[in-house]
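Notes follow once the structure below has been shown.
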Amino acid sequence: MSNQTVNRRAIKIIGHRNPDTDSICSAIAYSNLKNILDPTQPCKPCRAGLINRETEFVLDYFHVPLPQLYTDVSPHIRDVDIRLAEGVDGELSLRRAWMAMRDQELDTLCIVDGKQELQGVITVKDVATANMDGIDPNTLREARTSYQNILDILNGTVLVGDVTGKTVEGRVIIGAGSAEQIEKVTSPGDIAIVSNRSESQLAALEMDAGCIIVCNDGKVPRTICMLAEEKGCMVITTSMGTYAAGQIISQAVPIRYFMSTENLLTFTLHTPVESATKVMATVRFRYFPVLDEDGKYIGVVSRRNMLNLHKKQLILVDHNEKSQAVEGIDEAEILEIIDHHRIGTIETEGPVYFRNVPVGCTCTIVYQMYRENGVEVDATTAGLLLSAILSDTLMFRSPTCTPTDERAARELAQLAGVDLEEYADAMFGHGGDVSGKTAAEVFNGDYKIFTSGDVRFGVGQGIYMTEKNRRAAQALVGPYLPEALEKQRLDHIFYMFTDARNSNTELLTAGAGAEELVAKAFGARPEGGVITLLGVVSRKKQMIPRLISAIKSEQE
């Protein structure tokens with residue numbers, strides 16, 4: 001069986017951690033565009049974290065399913081070529097198991113039940129050991145070997161009896177001697193391997209043998225057959241000689257008797273390749289079973305498969321900084337970046353399509369790409385694009401907003417069939433409601449980490465249409481900032497509570513020297529623990545550049 005992949009791998013279009021509305025909507029809308037332009041290469045929208053209430057409102061309003069969550073894009077077992085070797089029945093004989101290994105060039109077979117649940121594994125070494133241990137006359141009985149297996153490996157013919165569902169109940173006796181000798185060694189239920197001599201056959205019958213195997217295609221008299229039927233003894237003939245039959249019959253034992261069942265080393269589709277490789281290095285096994293999400297066996301992997309790793313292919317939207325990207329980004333293949341932020345720290349292995357436009361929202365860029373390619377924007381997609389533009393530009397109040405953003409939003413509102421102002425009020429009102437939320441949930445609603453030189457700092461932002469919601473959010477997040485600072489091992493955290501209607505921000509900080517940086521950047525000092533920044537509403541255009549400038553001036 002040739003190596004095959006488990007499924008066709010879609011390109012994942014994904015935004016930053018702690019995704020905002022633009023991050024989610026641009027991933028969905030751009031996936032839709034890519035799938036229209038090239039249906040042969042599927043793309044799927046994904047998210048790198050939990051969504052906030054504003055985005056939740058948008059998806060519910062336009063009846064769009066939540067993108068799949070990916071918190072780590074480092075390679076997993078599903079990203080290697082899994083060999084789809086079929087599982088085998090535990091009743092398979094040792095001989096048939098060896099033949100299967102030989103034909104498939106596979107040294108391990110996985111034994112499964114009728115539900116494809118893994119029962120054990122057997123290797124070519126196990127088969128060889130079983131054969132080299134020689135003939136134990138009791139093995140067939142102890143293993144409850146089926147007569148069907150015996151008939152199969154002897155290529156025999158049943159003259160008397162029915163092998164269906166019957167298993168061996170005695171020892172194996174090779175009747176090469178006289179009839180008297182056969183009588184001495186045969187017990188009820190035994191399998192007697194005899195020649196074509198009728199006296200030997202009769203002797204085995206008189207001792208109540210369970211089965212007589214007549215070798216060399218020997219003739220069995222009618223009277224012997226009648227007596228065997230009367231005694232309930234099976235009679236099987238084979239073209240093999242007595243010696244050969246005696247040697248090969250031990251290979252009729254079912255593989256379940258020799259399979260390994262304890263401490264099986266298995267992987268799932270979600271097992272990280274790094275972890276799997278470490279496990280493989282500690283043992284001598286060549287192949288390892290792989291189980292799917294439901295615990296069902298699907299195939300095997302080897303060390304060689306790890307060399308044929310298929311990195312996850314990503315298109316990044318609404319970010320291009322490593323600190324904001326999903327975990328494992330260094331082990332993925334980035335194909336494109338669509339963004340409207342400053343050029344950050346993402347590095348790629350080769351050239352990629354990088355579209356970075358100084359507008360207020362990534363979805364404005366995506367809308368441009370729809371128009372450039374002559375693709376019609378349906379009402380649902382228009383609603384998603386509109387929502388992101390309204391969110392990122394604070395309904396055109398943010399200094400990051402450009403005429404291009406506003407023009408796009410008004411066109412999209414018509415395509416979506418919504419009243420722009422009424423819809424914006426509903427979206428912002430829902431997004432600003434923090435009732436029932438924890439401090440961590442509000443904090444992570446729209447939060448990014450940045451780096452300037454050796455300084456790592458986080459900047460979060462909540463945008464509120466009502467004073468009540470803004471005050472409630474501050475009361476939750478304020479006490480949480482020192483804890484977040486320690487958990488994330490940052491130098492500073494700055495959190496913006498923005499009044500969208502009046503275009504002002506109240507800022508809370510954490511970390512030694514954070515207030516001094518704000519004073520240097522904005523000339524503002526805290527009053528009552530809160531720093532008021534008049535006219536500041538944009539994290540990207542007003543907050544981040546000034547903070548970085550202040551940090552650099554301290555490092556000079």
Side-chain angles (χ1 to χ4, degrees), residues 9-39 41-73 312-322 324-329 332-341 344 346 352-357 359-370 373 375 377-378 380-392 405 408 412 416 427 431 444-448 540:
R9 297 173 176 87
I11 296 172
K12 297 168 179 57
I13 301 184
I14 191 167
H16 49 77
R17 304 180 198 179
N18 305 314
D20 58 7
T21 300
D22 188 25
S23 177
I24 295 295
C25 291
S26 59
I28 297 172
Y30 195 48
S31 293
N32 181 53
L33 176 62
K34 296 288 286 185
N35 288 328
I36 292 172
L37 295 177
D38 186 5
Q41 179 53 73
C43 292
K44 62 180 291 188
C46 303
R47 58 190 172 98
L50 301 177
I51 63 171
N52 58 38
R53 282 190 172 174
E54 178 186 279
T55 310
E56 181 182 67
F57 169 83
V58 171
L59 297 181
D60 286 345
Y61 189 95
F62 292 104
H63 308 292
V64 176
L66 184 65
Q68 185 174 349
L69 175 65
Y70 278 87
T71 58
D72 190 340
V73 293
K312 291 184 174 70
Q313 294 184 313
L314 305 181
I315 293 175
L316 306 185
V317 293
D318 199 32
H319 72 299
N320 70 92
E321 298 208 37
K322 183 178 177 180
Q324 298 171 16
V326 64
E327 289 287 343
I329 192 71
E333 180 184 2
I334 299 172
L335 303 180
E336 299 181 28
I337 301 175
I338 312 296
D339 192 22
H340 68 123
H341 295 95
I346 290 288
V352 302
Y353 179 76
F354 193 158
R355 183 156 178 163
N356 189 277
V357 184
V359 292
C361 181
T362 305
C363 277
T364 300
I365 306 171
V366 175
Y367 179 50
Q368 290 175 339
M369 298 174 77
Y370 269 84
N373 287 280
V375 177
V377 181
D378 61 83
T380 297
T381 302
L384 297 179
L385 295 170
L386 168 66
S387 302
I389 296 172
L390 292 174
S391 176
D392 263 21
D405 294 298
L412 289 165
M427 184 185 76
N444 287 310
D446 186 1
Y447 175 76
K448 296 179 180 179
K540 181 183 73 173

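Bear in mind that the values here come from a model prediction, so they are computed numbers and not experimental data. Throughout, residue positions are numbered sequentially from 1 according to the sequence presented.
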Carboxylate-amine/guanidinium proximity below 4.0 Å for Glu336 and Arg355: no
Ser31 versus Lys44, closest heavy-atom pair with distance: OG-C, 3.4 Å
Considering all heavy atoms, the nearest Ala27-Pro45 contact: O-CB, 3.6 Å
Side-chain heavy-atom pair Leu59, Leu384 within 4.5 angstrom cut-off: yes
Expected output: side-chain Tyr370 to main-chain Ala29 donor-acceptor under 3.5 Å: yes
Pairwise distance CG(Leu385) to OG1(Thr21) - rounded to 0.5 angstrom: 12.5 Å
Nearest-0.5 Å distance that lies between atom OG in Ser391 and atom CG in Asp446: 7.5 Å
Closest non-hydrogen atom pair, Cys361 against Asp405: N-OD1, 3.6 Å
4.5 Å side-chain heavy-atom contact, Glu327 and Arg17: yes
Heavy-atom pair of closest approach, residues Ser387 and Phe62: OG-CE1, 3.7 Å
Side chain to side chain, Ile13 and Ile338, heavy atoms closer than 4.5 Å: no
Within-4.5 Å side-chain heavy-atom neighbours: Asp60 and Phe57: no
Greater than 12 external heavy atoms within 6.0 Å of Leu66's CG: yes
Non-hydrogen side-chain atoms of Asp378 and Asn32 separated by less than 4.5 Å: yes
Glu333 side, atom CD; Lys312 side, atom NZ - distance, nearest 0.5 Å: 13.0 Å
Point-to-point distance, once rounded to the nearest 0.5 Å, from OG1 of Thr364 to CD of Gln368: 7.0 Å
Backbone N/O of Asp22 and side chain of Ser26: donor-acceptor pair under 3.5 Å: yes
Gly344 backbone acceptor or donor facing Asn320 side chain under 3.5 Å: yes
Value rounded to 0.5 Å, distance of CG in Leu386 from CE in Met427: 7.5 Å
Closest non-hydrogen atom pair, Cys363 against Ile389: CB-CG1, 4.4 Å
Validation row: Asn18, Lys448 side chains within 4.5 angstrom (heavy atoms): no
Sub-4.5 Å side-chain heavy-atom contact between Leu316 and Ile329: yes
Value rounded to 0.5 Å, distance of CD1 in Ile315 from OH in Tyr30: 5.5 Å
Heavy-atom pair with the smallest gap, counting every atom of Asp339 and Asp318: OD1-C, 3.1 Å
Lys540 (side chain) donor-acceptor with His340 (main chain) under 3.5 angstrom: yes
Any donor-acceptor pair under 3.5 Å from Asp20 side chain to Gly445 backbone: no
pair Ser23-His319: side-chain heavy atoms closer than 4.5 Å: no
